[in-house]
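Here is the naming used below: chain letters follow the sequence lines, and residue numbers restart at 1 for every chain.
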Protein chains: 2
Amino acid sequence: MRASVPITVSGLKTACSQCNLVELCLPFGMSGSELSRLDELVGARRKVKRQHSLYRAGDTFEAIYAIRAGSFKTDVLLEDGREQVTGFQMTGEILGLDGISTEAHSCNAIALEDSEVCVIAYDKLEQMSHEIEGLQLQFHKVMSREIVRDHGVMMLLGSMRAEERLAAFLLNMSQRFNARGFSPQDFNLRMTREEIGSYLGLKLETVSRAFSRFQEDGLISVQQKHVQLLDPAGLKKLIQHQQGVR
Amino acid sequence: MRASVPITVSGLKTACSQCNLVELCLPFGMSGSELSRLDELVGARRKVKRQHSLYRAGDTFEAIYAIRAGSFKTDVLLEDGREQVTGFQMTGEILGLDGISTEAHSCNAIALEDSEVCVIAYDKLEQMSHEIEGLQLQFHKVMSREIVRDHGVMMLLGSMRAEERLAAFLLNMSQRFNARGFSPQDFNLRMTREEIGSYLGLKLETVSRAFSRFQEDGLISVQQKHVQLLDPAGLKKLIQHQQGVR
DNA sequence: TTTTTAGGTTGACGTGGGTCAACGGGGCTG
DNA sequence: CAGCCCCGTTGACCCACGTCAACCTAAAAA
């Protein structure tokens, strides 16, 4: 984990109206005329190198970010050094919503690979939400979706066994790769076993063993970060039929 | 768990401007003139009896709810019957935000005691947010706070031991009772050991044992649902210094 | 190219908390 | 006011996952 020093703000403005991520991102469902007004909203783009942070817990909140390229993790740290990864974010997803409530970020957002985000100044967003009908609704939906997602993670952490958690994680990644036009059966994870473990409330060894088990059972094929889902239905069954421990 | 049949919509409108929960609720921080406009927003009140649900997963989303009296739990159910309690809500807190994203609720909201909520029609809220500056910001803060809270729960579930989880839970309850003008050291829980367990990712026996352990150690005094925090600092220490298992 | 190092796998073993079971007490309900 | 039932407590046992350690692999650094 390195400091959050090197920030590149590229002057290049790129219009939402011309971005191929529209239907995954904040502008989803907005009309053409609304869309073109949105272009004013996105101020600049910012590149974040692998392992560097987009923002850190405690930073004053000024903007939210739409991921244009790459991927991130968000995490929370306890005083004693324990880390909890609270989410992994992919292109089109929005980062920074945690900062609105106290006007300071409450978690760290760290790039898993060299990435680029669109910076959306929050005061401008507020203002423009008053004017553009669809923007407000869409923004609320994005926040609400985050809440629903978090409930799903709580379900994972609170009432599933190790293998169920990993199966759910893999299916979720698969579905998100698919939504982005990549193969849902064949993808490269961007995070380490330790990060997956932290997210799933497991130790990295347990994650590794679960991967191996799935491979033995013919459900997947893994080699390092490269994963192929050979039997997605089998993974789904695992979640539904396996008895919970808790 | 009973069906969600009996709904009482009392015709009595009560103004936000005269409610003693303002500083805990949606109107927090709004000006006097804004506040009086808010009164139009809150349509009716609705009573929900103990064990009955305010809404269920799958119900179409129409409104959010501010708790005027009583308390609730929200939970998510898996096909195989496993339950995960995702939160406990007290007076002034907002329920139903999960419904915005898909226009259907994704969890169940169940009253822990006979309760009453203010019904806030979502379309009206959307509309009024365009007009009242402070309302939009405040609503965003409420949603953001929910996201931050969920991250805290993920931290609990993912990287704390049983006793740490319960200590954190008790301190959180204490702080919320305090914010409502009740004693932070002496309160009655409204939920069962099983519900606490589900929320904390533990079995009810483990919760019970942790309660007993805390009592032996002189940290608290428990009798059934009645809890007294004898040594809140000791509970805090437990969270910070105890080694994590995961 | 070789060296280094972070990330991943696997085995042996320990333990926190789950499981099962018995029992006690308080508050509805008739 | 009696009986029931839900809730909570406690003990004995066990297992899923954590811990510790050795080793392997791949990619970055030199």
Should the pair B/Glu116-B/Lys49 be classified as a salt bridge under the 4.0 Å nitrogen-to-oxygen rule?
no
Tell me whether the NZ or CZ atom of A/Arg190 lies within the 45° cone about the ring axis of A/Phe88 and under 6.0 Å from its centre.
no
Roughly, in whole Å, what's the span from CZ in B/Arg213 to P in D/dG11?
13 Å
Could you state the NZ-C1' distance from A/Lys225 to D/dA28, rounded to the nearest angstrom?
13 Å
Closest approach to the side chain of A/Thr192, judged atom by atom: which nucleotide of D/dT9, D/dC17, C/dG7 is it?
C/dG7
Distance criterion of 3.5 Å, no angle test: do you see the side chain of A/Glu205 paired donor-to-acceptor with the base of D/dC17?
no
I need the CZ-C1' distance between A/Arg161 and D/dC15, as an integer number of Å.
9 Å
Once you round it to whole Å, what is the distance between C1' of C/dT10 and CD of A/Glu216?
11 Å
Could you state the CD1-C1' distance from A/Ile196 to C/dA6, rounded to the nearest angstrom?
15 Å
Under a 3.5 Å threshold, yes or no: a donor from one side chain and an acceptor from the other, between A/Gln89 and A/Thr74?
yes
B/Ser208 side chain N/O closer than 4.0 Å to the phosphate oxygens (OP1, OP2) of D/dT9?
yes
Give the rounded distance in Å between these two atoms: CD of B/Glu195 and P of D/dC6.
14 Å
Between the side chain of A/Arg165 and the main-chain N/O of A/Met160, is any donor-acceptor distance below 3.5 Å?
yes
Whether A/Thr206 contacts D/dC17 is assessed here as follows: a side-chain N or O lying under 4.0 Å from the phosphate OP1 or OP2. Is that the case?
no
Can you spot which of A/Asp98, A/Leu97, A/Leu95 makes a side chain to side chain contact (heavy atoms under 4.5 Å, CB included) with A/His105?
A/Asp98
For the pair B/Arg176 (side chain) and B/Thr91 (backbone), establish whether a donor and an acceptor sit closer than 3.5 Å, ignoring hydrogens and angles.
no
A/Leu204 atom CG is separated from D/dT19 atom P, nearest whole Å, by 10 Å
Closer to the 5' end of DNA chain D via nearest nucleotide, is it B/Glu194 or B/Arg209?
B/Glu194
Is it the case that the side chains of B/Ser71 and B/Glu113 hold a donor-acceptor pair, with the cut-off being a distance below 3.5 Å and no angle test?
yes
Round to the nearest Å and state the distance from B/Met160 atom CE to C/dG16 atom P.
17 Å
Just how large is the angle between the end axes of the helix from C/dT1-D/dA30 to C/dG30-D/dC1, five pairs per end, to 10 degrees?
50°
